[in-house]
Structure formats: C-alpha cells, structure tokens
Amino acid sequence: MALNPNNLKLWQKGILLAVVPVVFELVFIGTLVYLLREAERQIWLENKIKTIVVESHELTKSFYDAGASIIFFGITHNDAFVHKYEDQVSQIPAAVKQLKADVHELNPKDNSLDPVEMSTYKGLDTLRSIRSKADLGEGRLFSRDVRNVLEEFITNISSFVDHFKEMEKEAPEKSAHSRSLVIYWLEFGVIINIAMGIGLAMFFNVGTARRLAVLMDNTKKLSRRKELNPPIEGKDELAHLDSVFRKMAAELEDAAIRKQELVAMVSHDLRTPLMSIQVSLELLSAGAMGELPGQAKKELVVAEYSATRLIHLINDLLDIDRMEAGKFDLSPRNCDLGWIFERCVHSVHAYAERNKVTVVVPEDEEDIQVYADPDRLAQVVTNLLSNAIKFSPQGGEVVISYDDLPDATVVKITDKGRGIPPGYEQKIFERFQQVNSQDAREKKGTGLGLAICKAIIDAHNGAIGVKSREGDGSTFWFRVPKQKQALALVK
C-alpha cells in the first residue's frame, strides 16, 4: 500500500525526513570518497610510472657513459675518462636500488627489474675487469667486450622500460576514467538529491535543493575547467561533499601543473643538453678536435643521428603540448606554394638519396598563392614527404601535386609504398597511432608527426586526409584557404 504523507504524524514525518536523507548521503558520500581515492591512486600510479621510466633512462645513460669511458681510456689513456668512469660506476648501484624500491612500491610482485639488476651487476664486474686490463695498455682489445656488456644491459633495460611504457600509455586513460566516474557520480547524486529535495520540500524547505544546484553547477564547471562557485557554508553532508569535491578539483589542477613542469623539464633539462651534445658531435665529426679513427667516425655518425632524432621527438612533444594548451601561434600571410615546395624538397633531399627515392615536383611555374603560415605549412609538407620517402621502396617515386580551386588549394603527396589498411585512415592522425607496431622500431617513427600536421591544418581552417589502398601506395592531401580568414586556434 502506498505511503500517504497525510496519514503520518509529525514525529513520523520528522523521522522520515531525517532517515531518508541520511541513508542516501552516507551511501553517496561513501561511494564518492571511494571514487576519489581511486582517482588519487591513479594519479599516483601515473606519476610513479613516469618516475620509473625517467630513472631507467638515467641508469641507462650512466651505464653507457661508464662503458664509453673505458673504451676511450683504453684508446687514449687519458685519466679524465677514468674519473668519468669511476663517477658513473659509483652512481649505478644507488640508481638500481632506488629503481628497485620504486618498482616494489608500485607492485611488490613485479619482477621485471630482476634481469636488469642481474645484467647491471654482471656488467659492472666485467667493466671493472676491463678497467684493470686497460691500465696495462690492453684497453683497445676490449671495446667489443664493452659493447657486448652494453648490448646485454640495453636489451634488458629496453624490455623493462617497454613494460612500463605500456603501463604509462594506459595510465592516463584509467585516470580519465576515474575522474569521469567521480563527475558522473556527482551528477547522478546531485540529480537524486534534487528529486529528493522536491519530494521532501513539503516537510522541510527548498534550501537543500538550492545548495545541491550549486554542486551540480560545480560539476559542469569542473568539466569545462572554469572557476567553481563559492564554497557551501555549513557543516552538514552537502558542505562536506563540497569540500571533498574541491579537494578533488585541487588535485586535478595540481596534476595539470605537474604536467606543465614535466614539459618544462623536457624543454630545458633534456632539449638544451641534447643540443649541446649535437653541436659537440658535429664538431668532432668535422675534425675540430683532430682526426678520428674510422670506427670512431662510424660510431659518431650513429650518435649524431640518435641525438638529432631525440631532439626532433622532444620538439614534437612540445608542439603537441602547445596545441593542447591552445598556445600554438600562427603567423599567416600570403605565400607562394611553389617556394614552399622547393624549400621542403631541399630539406629532404639527403634523406631521399639515402633511401634511393626520387621526389617529383610540379613542372609548371605558375604562382600559386595561399594564405597560411609558411613555416608551419612547410613543416606539414616536409613531414608528409619524409613519411612518403620512409615507406617507399628503393627506386620509387614520391610525387607532389596540387589542385587549384576557387577558394582553396589542395596539396597531394603520393607514394607507391605499402599503403594503409582499411579503418586506419583517421586513426593515423591521432597521437602515437601507427599502422604497424613495429614501425616505431624499424622505421624510427614516434606517432606524433601526422597528429601535428592535422593540428596545423586545422588551425588554418583547412582539412587533411589520406586516400590509400593497401599494397598500392597512398596519397596524403591537405586543403588550405587562398584568402584571409579567421583561424581556428586562439593565440
């Protein structure tokens, strides 16, 4: 039989008014606190995984520097290399211990560091043995032994880092899911509270509904990253809920700040030293420090390429961060498309020759004007050309063409490579997306280039896409306006 409020006495109405909200609020706040703790844990896991990856790279650098110092000491007998070796070796055990502690804190049952730890101490013993022999003038004979030690260590550390990078890829998604659950649960709870407030308004007042409306508005403002309403006054459940919600919002803001600090660290603490290393390697390669042996020159070429690739990767990451933050500046003006083609073909000329690929440009000299940022547009063309060359067979051609439309120009870059499987035409323009997972290793790809291209073209109010048939090459195209118009990105 349905409950009729008119049949209830005042004290019964008072009990009903007290019990129903209390029971609901306890369940609601308990679930919310649980979800908030899960969100906090996901943030902690994400930061801990990033810390482990950074510490792994530092350990790799120390181990590699120690091995390189032994080789150089055996060749030059310069005591400076001995000091550098001893300095690096002294840091390695502590680095392994810290890394082991972090992994154990993350997951006590995770044994993925064991091979790295074994190869590290085994490698240190080998390096110490080679170090003693190097004092006897035999160091030149053991460069291969050092390389074997480094290869074994790098193989193990790479597997270890890949393991945590997979976790790192999943962490943001899990964090976002946890935050979404909090927001969804808040919205659900607010709606129920409003409904309950309306139902109990005849017994009490509309104050509860009004305060719940503030919480609901805060959930929307949080999702849009707007400033929250003033705190709810009082010490009841709703005020506590508002406090918990604000704590969550503050933690999310703190996570965003840490992300910016990480980007700043990448920009300053990684890019600047890498550029210095690149300059030093170029000076060595040019003979500024004297003529180098043939083997040293080969190793120097590899080092130069690696440093350049790392710098490009860091620049791509910084570009992506600027685009997401809406700080991606453009300087559009009327520019000659033919001049951009000439500039881009020149920049990839050496790469095309090395891959034995011919780049074919339009033969006509018609002046095609577009309204765009020439440097950013050249970045797009160069990136698409480099990708086309990378995936073209030896002896193949990469053809640049364009369609001159009344209000826009469509640029096309066609190759005869392996093509793109159906269903990947849009995915490849997302961050870290590649058709083949082996491309990151075999083709030296990062999965950021096409995402940056899309962001640049979108900023020009243009469009970008690809037409491809698997096994029969691809045609990447983009469209940019010919006349001045409002740009998509706010400077």
Side-chain angles (χ1 to χ4, degrees), residues 223-226 260 263 312 315-345 347-348 361-362 364-388 398-415 420 423-435 446-468 474-491:
S223 64
R224 298 170 184 171
R225 296 186 176 182
K226 292 184 177 180
Q260 292 300 320
V263 171
H312 287 167
N315 288 337
D316 287 347
L317 288 171
L318 294 175
D319 278 345
I320 285 289
D321 183 74
R322 293 191 195 100
M323 294 170 189
E324 290 181 344
K327 298 178 181 179
F328 189 55
D329 293 337
L330 293 177
S331 300
R333 60 179 181 272
N334 291 322
C335 52
D336 181 13
L337 194 60
W339 176 81
I340 293 176
F341 288 162
E342 180 180 352
R343 174 183 170 187
C344 296
V345 170
S347 67
V348 300
V361 297
D364 60 86
E365 298 181 355
E366 183 179 357
D367 184 19
I368 301 297
Q369 295 288 321
V370 294
Y371 188 77
D373 185 324
D375 293 329
R376 291 300 184 182
L377 201 60
Q379 184 179 354
V380 173
V381 175
T382 301
N383 201 316
L384 296 180
L385 282 176
S386 299
N387 281 349
V398 173
V399 179
I400 305 175
S401 59
Y402 64 88
D403 293 333
D404 189 19
L405 305 179
D407 59 347
T409 299
V410 179
V411 177
K412 303 176 182 178
I413 297 176
T414 304
D415 64 68
I420 299 172
Y424 280 86
E425 292 85 351
Q426 297 300 322
K427 291 183 179 179
I428 58 175
F429 290 98
E430 299 175 4
R431 289 193 305 165
F432 304 110
Q433 292 292 328
Q434 294 182 341
V435 174
T446 63
L448 293 174
L450 291 179
I452 293 174
C453 290
K454 185 178 187 306
I456 293 174
I457 297 302
D458 288 346
H460 286 84
N461 280 338
I464 187 169
V466 61
K467 295 180 179 179
S468 179
S474 305
T475 297
F476 283 84
W477 61 268
F478 64 85
R479 182 179 68 249
V480 288
K482 300 178 71 172
Q483 302 295 331
K484 181 177 180 180
Q485 54 180 283
L487 297 182
L489 292 182
V490 178
K491 296 183 181 180

Requested in this report: Start with the C-alpha distance between Val398 and Val348, add both sets of side-chain angles, then the distance that settles side chain to side chain contact (heavy atoms under 4.5 Å, CB included), and finish with yes or no.
Outcome: CA-CA 11 Å; Val398 173; Val348 300; over 6 Å; no

Requested in this report: Could you tell me which residues satisfy salt bridge (charged side-chain N to carboxylate O under 4.0 Å, His left out) with Lys412, sequence neighbours excluded, listed by chain and number?
Outcome: Asp403

Query raised in the report: So which of Val380, Thr475, Val381 actually passes side chain to side chain contact (heavy atoms under 4.5 Å, CB included) with Ile413?
Result: Val381

Requested in this report: Work out which heavy atom in Ser474 is nearest to a heavy atom in Ser468; give both atom names and the distance.
Outcome: OG-OG, 2.9 Å

Requested in this report: Decide, yes or no, whether a salt bridge links Asp407 with Arg479 under the criterion of side-chain N to carboxylate O below 4.0 Å.
Outcome: no

Requested in this report: Over all heavy atoms of both residues, which pair between Pro374 and Ser331 is shortest? Give the atoms and the distance, please.
Outcome: CD-O, 4.0 Å

**Report entry** Sidechain-backbone polar pair: His460 side chain, Tyr371 backbone, donor-acceptor under 3.5 Å
**Finding:** no

Report task. Determine whether more than 12 heavy atoms belonging to other residues, nucleotides or ligands lie under 6.0 Å from atom CD of Gln369. Result -> yes

Query raised in the report: Would a 4.5 Å heavy-atom cut-off, applied to side chains only, mark Leu450 and Ile464 as touching?
Result: no

Requested in this report: With the side chain counted from C-beta on, respond yes when Val480 and Val410 share a heavy-atom pair under 4.5 Å apart, and no when they do not.
Outcome: no

Query raised in the report: Can you tell me how far CD1 of Ile452 sits from CD of Gln379, rounded to the nearest 0.5 angstrom?
Result: 6.0 Å

**Report entry** Rounded distance (nearest 0.5 Å) linking atom CD1 of Ile457 with atom CH2 of Trp477
**Finding:** 9.5 Å

Report task. Give, for atom CD of Glu342 and atom OG of Ser347, the distance between the pair rounded to the nearest 0.5 Å. Result -> 11.5 Å

Query raised in the report: CD1 of Ile340 to CG of Asp375: how many Å apart, nearest 0.5 Å?
Result: 8.5 Å

Query - Nearest heavy-atom neighbours spanning Ser401 and Pro362 - result: CA-CG, 4.4 Å

**Report entry** Plane angle bin for Phe429 and Phe476 - parallel if under 30°, tilted between 30 and 60°, otherwise perpendicular
**Finding:** perpendicular

Report summary line: Rounded to the nearest 0.5 angstrom, the CG-NZ distance for Leu337 and Lys482 is 10.0 Å

Report summary line: When rounded to the nearest 0.5 Å, the distance separating CG of Leu377 from CZ of Phe341 is 8.0 Å

